[in-house]
Amino acid sequence: THTVLAYAPLAGGEIQVFPIPQTIAAGEVAPRPLLPSLRFHAAPGALAADDLLLPWPSDETSILGTFARELGQQTPGRLVASAKSWLSHPSVDRTAAILPWGAPDDVAKVSPLDASASYLRHLRQAWDHAHPHAPLARQQIVLTVPASFDDGARELTLQAATLAGLPEVHPLEEPQAAVSDWVPSHQPHLAGQLARTHRPLAVHACAGTTALTL
């Protein structure tokens with residue numbers, strides 16, 4: 001549903017959420033803590049070039065993020081949603097231009113792979129614009145994936161990162177990421193809380209699915 005980027009110094013320090021610049025209205029760009037994982041494929045001539053200016057050069061022809069969500073509410077047939085879920089759909093060609101699903105022939109299509117790559121590319125471009133001397137591709141990147149992803153969906157996620165200009169990422173299941181956050185935040189009382197625990201259970205409850213990781 002959303003894409004978020006958090007970062008911290010490797011030597012230790014406070015974890016911070018990176019504010020992601022994105023188009024929030026025609027001709028208006030502002031940082032937001034979340035990038036809605038949505039693409040809107042506007043009709044030719046529907047929006048002026050000045051309506052979609054970002055702080056960095058981009059070849060992206062669709063609208064991503066907050067403004068895409070607003071436009072998609074008005075014209076849902078041109079909105080690409082749930083690209084990450086489509087990556088794990090074995091009954092379709094996830095590298096074929098099939099989204100927006102069921103859209104008319106005059107609507108530009110994109111594959112689930114390319115849609116996923118576009119969100120990661122936006123993150124890279126936003127980060128690099130804010131940190132020109134420390135580009136994202138040179139950082140140690142952990143990319144979380146749903147626990148339900150099979151090997152094919154994981155491989156496609158890595159391909160999406162490569163297409164986005166992030167060739168080296170370390171995939172981590174989302175429930176495991178939650179545990180990795182929980183353990184240090186409870187460090188002062190960890191021994192007592194886990195004294196009789198042999199196997200912790202991580203429950204990741206979402207709007208559409210619930211994942212259990214033991």
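If you read the sequence from its start, that first residue is 1, and numbering goes on from there. Side chains are part of it too, since the values below use all heavy atoms of this structure and drop only hydrogens, waters and symmetry mates. It should be emphasised that the depicted structure is a prediction, and the values quoted were computed from it without experimental measurement.
No donor-acceptor distance shorter than 3.5 angstrom exists from the side chain of R39 to the backbone of L79, with no hydrogens or angles considered. A side-chain donor-acceptor contact under 3.5 Å links D128 to the backbone of L136. Checking side-chain atoms of H131 against main-chain N and O of H133 turns up no donor-acceptor pair under 3.5 Å. Side chain of S185 to backbone of W182: a donor-acceptor contact under 3.5 angstrom is found.
At a cut-off of 3.5 Å, with distance as the only test, no side-chain donor of T157 or E155 sits close to an acceptor on the other residue. S111 and T95 share no donor-acceptor pair across their side chains, judged by distance under 3.5 Å alone. R32 and T66 form no side-chain donor-acceptor contact under 3.5 Å, judged by distance and modelled atom types alone.
For CD of E168, the number of neighbouring non-hydrogen atoms (other residues, nucleotides, ligands) closer than 6.0 Å is 12 at most. Around atom NE2 of H170, more than 12 heavy atoms belonging to other residues, nucleotides or ligands sit under 6.0 Å away. Crowding of Q73 atom CD: a count of heavy atoms from other residues, nucleotides or ligands under 6.0 Å exceeding 12. By the 6.0 Å contact criterion, CG on D151 is open, its count of non-hydrogen atoms from other residues, nucleotides or ligands being 12 or less.
Two residues are said to be in side-chain contact when any heavy atoms from C-beta on lie closer than 4.5 Å; L120 and L143 meet this criterion. Put simply, the side chain of V145 does not reach to within 4.5 Å of the side chain of L172, judged on heavy atoms.
No close placement of the W127 and H122 rings is indicated, their centers lying 6.0 Å or farther apart.
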